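Order of the sequence lines sets the chain letters (A, B, ...), proteins ahead of strands, with each chain counted from 1. All of these numbers come straight from a predicted model, not from anything done at the bench.
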Amino acid sequence: MTDVMIEFRDVCKRYGTLVANDHLSLAIRKGELMTLLGPSGCGKTTALRCLTGYIRPDEGRIFIDGQDITDVPTHQRELGMVFQNFALFPHMTVQDNVGFPLMIRSLSTTERAERVAQALRLVRLEGYESHYPRQLSGGQQQRVGLARALVYRPKVLLLDEPLSNLDAKLREEMRFEIKEVVTRLEITAVYVTHDQAEALALSDRVAIMNRGRLEQVGTPEEIYEHPRSRFVAEFIGLSNFLEGHVQAVDGDIMVVSVGGLQMRIPALPNAGQGQRVLLFLRPNEVELLRPDDPGGANVFDAQVEKATYLGDTMDYRLTFGQDMTLRVQSDAQRRFGQGAPVRIRFPRVRCWAMTSG
Amino acid sequence: MTGFWRTHSSRLITLFLLLPALVGFFGLFFYPMLLTVILSFRPEGQAIGWTLENYTRFLADPDGRWVILLTFILSLGGTALSVLLSVPLALILREKVRGHRFYRLMVLVPLVVPGLIGALGLLLFWGTRGWFNLFLLQFVPFVERPVAVNYTIHGLILFYVWLYFPYTCITTLSSLESLDRSIEEAGEVSGATRWQVLRYIVLPLITPGILAGSVLTFMAAFGAFSVPLIAGGNYRPLAVEIYKQIAVPIPARWSAASAIAIIMGVLQVIFLSLYMRFVRRGGGTGGPS
Amino acid sequence: MRLARAYGRAMWDARLILAYTLLLSLTLFILAPFLMIALRSVGKGWFGRLWLPPQLTLDWYRWAVEVGNIPEVMKNTLIIGVIAVAVSTAIGIFAGWAFGRRQMPGKEVLMAIILLPRMIPPITYALGVAKIFYTLELVDTYLGVALAHVSVCAPYAILVLSATFEGLDERVLEAAGVCGANTVKRFFYVVLPLIMPGILASMIFSFTHSYNEFTLTLLTYGPHTVTLPVRTYLAVGDGYWEITSAMAMLMVVPSLLILAVIQRRAKPEKLVGGFKGV
C-alpha cells in the first residue's frame with residue numbers, strides 16, 4: 001500500500017439529482033501517469049476538482065501520500081496543475097508567473113530566480129522570462145503553465161485537458177513533451193482528457209469513466225484489447241457489435257448464432273444455452289478474403305456495400321448474414337469495389353452476456 | 001454632378017448619417033458652451049465689452065476658493081467611499097449568493113430613481129427624528145443627543161455614496177465577471193490562500209475596471225446639483241453656487257454664473273485627464289491585453 | 001484532522017456572516033430611505049421619538065393630487081420624455097450606424113467629441129441652453145424642455161447603438177443575402193430582430209435620463225412644463241414633508257417599472273455607459 005500516492009475512497013458528489021461521482025474508488029500509484037478518460041459530463045473533471053479541493057465531495061475521503069486531505073484547503077495540498085485554458089496570470093511576466101508559487105512560499109529572490117530558470121529550461125522556454133502571456137503562442141503558454149505547476153516540486157501534477165486548446169499538430173508534439181517531463185521527474189500525474197488517442201499515447205494506466213462511475217481501469221493495452229464493457233469498447237477505437245444467442249457450449253468454446261450464422265468463439269464463464277450475448281470486433285481485426293479463398297471456422301460470405309479510400313487504409317461497410325452490417329478497415333493495397341463479393345474471417349471475437357431487453 | 005456623386009457618395013452618406021448628431025451637438029452643447037464662455041467674459045448685465053473680472057472676483061474670494069475645495073472634498077470623498085463599498089460588494093455578488101439577483105437589482109435603484117427622491121428619503125432617514133438616530137438613542141450606549149448627519153459635509157458625502165456608488169459597483173462587477181475563474185484556481189493550487197489570490201491576482205486584474213467605474217462616480221459627484229441643492233444646507237458645491245448666482249440675486253448674475261461654470265468645466269477636464277493618465281500608467285502596465 | 005475541519009468550517013462561516021452582514025447593511029442603506037418616505041406619506045401626527053407613525057391616513061395623497069397637481073405633472077414628464085426619447089433615438093440610430101458600420105477618417109476623435117457632453121457637468125452648458133431658449137422662446141414649451149434633455153440623452157443613445165450596430169455580424173447579413181432575401185426582407189427579418197434589443201435599451205436609458213433630468217429642466221421649465229423632479233424640488237422648498245413624501249411615492253412607481261424592464265431586457269453596464277479607452 002505504500003506505493004499508492006492518491007486514493008479516492010468511495011467519493012460521491014451530487015448536483016441536485018445529477019450524480020457527478022458515484023462511489024468513486026481509485027488508487028493511483030507513485031510515479032504513475034493516470035488518465036481519467038470519458039465523455040464530457042462523465043465526472044472526470046469533478047474528480048479532479050475534488051482532488052484540488054475546489055469541490056468538496058458529499059461522501060468519501062481522498063488521500064494523498066497516505067494523508068487524508070478531504071478537508072485540507074486547496075492551497076495546502078501541494079499540488080501542481082496545468083489548465084485547459086492555460087490560466088496564466090495575464091498581468092505577470094513569464095518569470096513572475098512561474099515564480100508565483102515560490103513567492104507565495106516566501107523563497108528568497110535568488111533561489112526563486114534559480115528555480116524559475118531551471119523550470120523554464122525543463123520546458124525549453126529559456127529567454128522568454130520578461131514576456132507577458134499574451135505575447136506567447138498557445139503552445140508556449142501551456143509550457144509556461146507546465147513550468148509553473150512543476151516549479152515547486154509538488155507531489156502530484158494534475159493536467160486538465162491541457163492540450164485541447166492547441167491545434168492538432170502542436171497537440172501531438174506537446175503530448176510527447178509532457179510525457180517526457182513527467183517521466184524524467186518521476187512525478188505522479190493525473191491527466192484528464194476526453195481524447196482517447198491522447199490517453200492511449202500518454203498513460204501508464206487509464207481510468208475510463210461514464211456517468212459518474214468507473215467503467216474500467218487498466219493499462220492502455222488492457223483497455224484497448226480487453227474492454228470490459230460495451231461503453232469502453234465504443235469509447236476506445238472503432239467497434240462493431242453484433243447481437244446473438246448461445247446455441248451450444250463445448251468446454252472453452254461456445255457456438256453463437258448471429259443473424260443466421262454460427263460463430264465459434266471463446267466461451268463466457270457461466271454461459272448457458274439460449275443466453276443472449278453481444279459480440280464485439282475491431283474493424284481492423286476482421287480479415288478480408290477473396291470470395292474464392294477457402295472457407296473454415298468463422299469465415300463468412302459478405303458483400304461490399306460501401307468502400308471509402310482513406311489513404312493508407314480502406315474503410316468498408318459490408319453486409320452479411322441476415323441484414324447485418326460490419327465496418328472493416330484493411331490495407332489499401334488490396335481493394336474491393338462497391339458491390340463486390342468478399343469473404344471475411346473473424347480471428348478474434350470477444351463477447352459479453354447481455355441481460356434480456 | 002453624377003461623377004461627383006459616384007466618387008463621394010459613401011462619404012456623403014456618412015455625413016448625412018452624422019448630420020442629426022452634429023446638429024444636436026452644435027445646437028445643444030457647443031453653441032451653449034460658447035455662449036457661456038462669451039458671457040463669462042462680459043461685464044455683468046452687458047452685451048458688449050470684455051473683462052476678466054468675473055473670474056478674478058470668484059477666484060480671489062476666499063469663499064470662492066472654499067467652494068472649489070468643498071466640491072473636490074465631496075466628490076473625492078464620495079468616490080473613495082464608493083470604491084471601498086463596491087469592491088467587497090462586487091466580490092460577494094459575483095459568488096451568486098442566495099438572493100444575488102435581488103441585490104444586483106438593488107444596486108441599480110439609485111440610478112433609476114430621481115436623485116431628488118433619493119435625497120428626500122435620505123434626509124428623512126438620517127435626520128434627527130429619523131430611524132438612524134432613533135436607533136442610536138435607543139440601542140447604543142453613551143449616545144444622548146442625536147448625531148447630526150443632514151446638512152453636514154460627512155452627511156453629504158454619505159448621500160453622494162448612496163447616489164453614485166452604482167457606477168463603480170457595476171463596472172467593478174462586470175470586470176470581475178469577465179475574469180477567468182481558472183486563473184484564481186491556478187493561484188490557489190499554487191499555494192496561495194484566498195487572500196493572497198485576491199491581493200496578487202484578482203485585485204491587480206480588476207483595477208482598470210475599478211478605476212474606470214470610479215471615474216464615472218467622480219464625474220457624477222463633481223457635477224452633482226440636485227442633491228446638494230436640497231440636502232447641502234450651507235455647503236454649496238460649484239454646481240449649486242452657479243445656480244444661486246442666477247436664482248437668488250435680482251437681476252440674475254449670468255456672467256458670474258458663467259464664469260464659475262467655465263471654471264468648473266475646466267477643473268473637471270483637467271482632473272479627468274490627470275486621472276486617466278494615472279489610470280493608463282497604473283493600470284496599463286500590468287493590465288490584461 | 002477534526003480540528004482542521006472545524007477550523008475550515010468556522011472560517012467559511014465567518015466569511016458568510018461577514019458577507020451577509022454587508023449585504024444586509026447595504027439593503028438597509030439603499031432601501032430605508034424609501035421606507036421612510038412611504039411611512040411619512042401615510043403617517044399622521046408622527047412626532048418625537050417614534051419608530052412608526054401612530055395614525056395612518058391617505059390625506060397627503062389627496063393633497064398631492066389636488067394641490068401638487070401630480071397628474072398634470074406626470075403628463076408633462078411623459079410627453080417631454082417621449083419627445084426626448086424619439087429625438088435622441090433618431091440621432092442615435094443615424095450616428096450609431098455611421099460610427100458602428102462605416103469607415104471614416106478620424107472616427108475615434110469625432111466620437112469622443114460628440115460624446116463630450118458626458119464629460120462636462122450639465123450645469124455648465126445648461127446656462128447657455130437657457131439663454132438660447134429664452135431668445136428662441138422655447139422656454140416653458142414641451143419641445144424646449146425635451147430638446148434640453150436630448151443633450152443628455154443623445155450621447156447615451158449614440159454609445160449604446162453604435163455598440164449594437166458594431167456587434168452586428170456581417171456574415172449573418174451575407175447569409176441572409178445568400179438565402180435570397182432582398183434588402184427590404186433582409187432588414188425586417190434579419191437586421192431588425194438583431195438590433196431591436198439595442199434600440200430598446202437605448203430608449204429605456206434615454207427615458208430614464210429624461211425622467212430623472214433635473215439640472216437642464218430647472219433652467220428651461222416654466223409653469224406649464226413642471227416635471228416630476230422639479231415638482232419634488234419645489235415641494236421640498238415648501239417644507240411640507242408629508243405631502244412631498246406622498247408625491248415622491250407616486251413618482252417612484254414609474255422608476256420601479258423601468259427597473260423591472262431593465263432587469264429583464266438589458267445589461268446594467270450599459271446604463272452607466274463605460275468610457276472607451278479608460
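- When each of B:I183, B:V197, B:D180 is checked for heavy-atom pairs under 4.5 Å with chain A, B:I183 comes out on top.
- Enclosure of atom CZ in B:F271 by more than 12 non-hydrogen atoms of other residues, nucleotides or ligands within 6.0 angstrom is indicated.
- Comparing A:R105, A:Q76, A:Q135, A:R77 by how many heavy-atom pairs each has under 4.5 Å with chain B, the most go to A:R105.
- Among B:Q196, B:E185, B:E188, the residue making the largest number of heavy-atom pairs under 4.5 Å with chain A is B:E185.
- The contact between A:T52 and chain B is made entirely by side chain atoms (from C-beta outward), counting heavy-atom distances below 4.5 Å.
- Dense packing is recorded around CZ of B:R65, with more than 12 heavy atoms of other residues, nucleotides or ligands lying under 6.0 Å away.
- Checked by atom type and distance alone, the side chain of A:H91 pairs as donor or acceptor with a backbone atom of B:Y200 at under 3.5 Å.
- The environment of CZ in B:F225 is crowded: more than 12 heavy-atom neighbours from other residues, nucleotides or ligands sit within 6.0 Å.
- The two atoms that bring B:A186 and A:A87 nearest to each other are CB-O, 3.7 Å, heavy atoms only.
- One distance of note links OG of B:S190 with CZ of A:F89; it measures 5.0 Å at 0.5 Å rounding.
- Atom CD of A:E126 sits in a crowded spot, with more than 12 heavy atoms from other residues, nucleotides or ligands closer than 6.0 Å.
- Remark: B:L136 pairs with B:F132, B:N133, B:V140, B:V143, B:V147 by the side chain to side chain contact (heavy atoms under 4.5 Å, CB included) rule, at least two apart or across chains.
- Expressed to the nearest 0.5 Å, how far NE2 of A:H75 lies from CZ of B:R194 amounts to 10.0 Å.
- Contacts of A:L158 with chain B are absent, with no heavy-atom separation under 4.5 Å from either backbone or side chain.
- Taking both residues in full, the closest heavy atoms of B:G191 and A:I104 are given as O-CG2, 3.1 Å, listed atom of the first, atom of the second, then distance.
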